[in-house]
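These notes are about the structure you will find just below.
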Amino acid sequence: MVLRIGNASGFYGDRFDAVREMLTGGDTGGDPGGESAGGPGGDPGNGNGSSNASGNSLHVLTGDYLAELTMLILGRDLLKDPATGYAKTFLRQMEEGLGLAHERGTRVVTNAGGLNPAALADALRALADKLGLPVRVAHVEGDRLPARDGALAANAYLGGAGIAACLAAGADVVVTGRVTDAALVTGPAQWYFGWGPEEYDRLAGAVVAGHVLECGTQATGGNYAFFRDHDPALLRRPGFPVAELHDDGSCVITKHPGTGGLVDVGTVTAQLLYETAGARYAGPDVTARLDTVRLTREAPDRVRIEGVRGEAPPPTLKAGLSRLGGFRNEVVFVLTGLDVEAKAALVRDQIEDAFVRGGSRPAEVRWDLVRTDQADAGTEETASALLRLVVRDPGPDAVGRTLTGAAIELALASYPGFHVTAPPAKGSPYGVFETVYVDAAEVPHTAVLPDGTRQGIPVPARTRALEPVPEPELPEPPADGPVRRVPLGRIAGARSGDKGGDANVGVWVRTDEEWRWLVHALTVERFQALLPETADLPVVRHVLPNLRALNFTVAGILGEGVASQARFDPQAKALGEWLRSRELDVPEGLL
């Protein structure tokens, strides 16, 4: 028995037609498990007489719409209109997708409910009535926490048990608020296979599958370090991923045939490292041991994941607080031709003088000179550097009129060739994301079933506090020999991302010989030397030998999180690519 589960959204704003693509995808030649699909009670269809036992259909389609920044956006929406607070894109996608899913017997599970899953569930019922579809809608709530510290939104990350309860009650569509991204897979898996809450290895396998699926096309060749190894036409429009999940928790990651992109051990490894840290990957359902994951290429576009071990979940739930941090503004000055440093110094002095004379200097002022200019350039653009000024303040005035007035008044009174990339605008609010932990028993995880019955979800009977795993035994380093100074990316892939104000950088290689070199060469000290921005920040290295990977966490590099836009790359998406571009001595035998 195999659960075919696909994902059609990795974020709020992802490809709109992905829902249709996933519901009408190519034929896989029959059920991979060789059996008719069926949950613990038999046919998982939607009660209309159809079944999705044929291989060209999904049993469950998921959609992940929530991120730290999204919660802030939805919080502002909810303040303006109490009937909103959910991802409106999903509702528009369901104008077509609801009928397609109903025809194919595909259940739909999504966290698009955001801060108001009940409102989205009501809107879906109204849409189903309008379309004449007998679709049963349920939702999960309880993640919203009492407002604290002026937060616009405070939400705990729930697990998959509420989703499982909704599906067991016959729901065709399940809408949640804040759940872990992996819960969109663990919930359907618990329902479909009938797993108990302490079948940790099985649940951990589902968590890993969910983590691979959650970011959509990042598992199928999107944002992939080794993209140049593949036909560019193949990567032009990657398809979305599918997991074929088995009762033992193992799975195969694949995609619909005929869709773009690729699935190989590298794309799956990259996504496994994305926004994770150490070997213990904790969640409300289970703590998955990433150091036990084994990947095998089964066939083209098919990668098997197996061997995942699980442990009892921690006694607390992660919760995210999104609040207004203040107001920000920025101006980018263009410095063309000669004397770039002197031009930058002049305009900087002029702006700082305007702040002093205006008596309203912003609380935070940051200048960054980006030397994109080239000597004797053939175009004006390539002859130009960028001077970026970012200001922040608790109030709007210091980043509004004070800054815009100063910048505009310099138009005829500053460096030669003065111009900016865009006219100064008024200041805009920015958000701050903070992570806290709450006792799981204090969070009223509730499944609201299709008939309106409210079913409380019990907290885990057993928990285990998180602690680091012992450092694994390292392989012998390679023998000394000739080396060549080349970019790290010649042999290593990387993927990076954000968690609040912290960033992670996962680095992996593809052969055992490369791993013997990497694990000894890329120490924390070498990492900090290659990325000087991290030199004064706490950096922790995690070793994952099964994946031939190192995962570095960098505390505080993103300030107060993505919404605060404290850094040029506020989500650390390219931090790994910067690392890959840095040069170090690599044994010639590996090149």
Side-chain angles (χ1 to χ4, degrees), residues 62-68 70-72 74-75 77-78 82-87 90 108-125 136-149 151-169 171 173-188 190-191 197 203 207 210 282-286 313-322 433-461 463:
T62 68
D64 180 8
Y65 291 79
L66 301 185
E68 295 168 0
T70 313
M71 300 303 283
L72 180 69
L74 296 179
D77 287 349
L78 195 62
T84 62
Y86 56 81
F90 172 76
V108 178
V109 178
T110 179
N111 61 15
L115 299 178
N116 202 348
L120 179 54
D122 286 341
L124 287 167
R125 292 186 190 99
R136 294 164 295 193
V137 181
H139 72 277
V140 177
E141 59 185 38
D143 59 296
R144 289 193 68 186
L145 304 176
R148 56 175 75 186
D149 301 329
L152 289 175
N155 297 79
Y157 289 72
L158 302 179
I163 295 170
C166 292
L167 293 170
V173 181
V174 182
V175 173
T176 78
R178 197 31 142 166
V179 296
T180 65
D181 299 336
L184 300 178
V185 172
T186 63
Q190 290 173 71
W191 154 73
L203 288 166
V207 164
D285 297 306
V286 66
T316 57
L317 297 179
K318 176 183 172 182
L321 307 182
S322 300
F433 181 87
E434 178 185 358
T435 297
V436 298
Y437 291 87
V438 297
D439 188 334
E442 298 176 0
V443 179
H445 189 175
T446 305
V448 184
L449 308 182
D451 64 1
T453 301
R454 301 178 65 82
Q455 179 177 326
I457 304 300
V459 298
T463 60

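Keep in mind that what you see is a predicted model, and the values were worked out from it rather than measured.
- Nearest heavy-atom pair across Y86 and A112 is CB-O, 3.3 Å.
- Here the shortest heavy-atom pairing between A164 and G187 reads CB-O, 3.4 Å.
- Between the side chains of D285 and T186, a donor-acceptor pair is found at a separation under 3.5 Å.
- Under a 3.5 Å cut-off, the side chain of N111 and the backbone N or O of R178 do not form any donor-acceptor pair.
- Residues L120 and H139 form no side-chain contact, since every pair of their non-hydrogen atoms from C-beta on lies 4.5 Å or further apart.
- Considering CG of L152 and CG of L321, their distance stands at 11.0 Å, rounded to 0.5 Å.
- For the pair N116 and T84, the minimum side-chain heavy-atom distance is 4.5 Å or more.
- The closest donor-acceptor contact from the side chain of R125 to the backbone of V137 lies under 3.5 Å.
- Side-chain contact between V140 and L158 is present, with at least one heavy-atom pair separated by less than 4.5 Å.
- The closest side-chain heavy-atom distance from F433 to L72 is not below 4.5 Å.
- Using a 4.5 Å cut-off on side-chain heavy atoms (C-beta onward), L203 and Q190 make contact.
- Going from atom OG1 of T110 over to atom CG of D64 covers 7.5 Å, rounded to the nearest 0.5 Å.
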side-chain contact (heavy atoms from CB on, under 4.5 Å) assessment of L74 paired with L66: CA-CA 9 Å; L74 296 179; L66 301 185; 3.8 Å; yes
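- Residues G159 and H445 approach most closely at O-CE1, 3.7 Å, considering heavy atoms.
- Judged by distance alone, with hydrogens and angles left aside, the side-chain atoms of T453 form no donor-acceptor pair with the main-chain N or O of D451 at under 3.5 Å.
- Counting heavy atoms from C-beta on, the side chains of V174 and W191 never come closer than 4.5 Å.
- When all heavy atoms of T62 and L184 are compared, the closest pair comes out as CG2-O, 3.4 Å.
- Across every non-hydrogen atom of A138 and A171, the tightest pair is CB-CB, 3.8 Å.
- For the residue pair C166 and A447, the shortest heavy atom distance occurs at SG-CB, 3.8 Å.
- Using a 4.5 Å heavy-atom threshold, the side chains of D143 and V179 count as separate.
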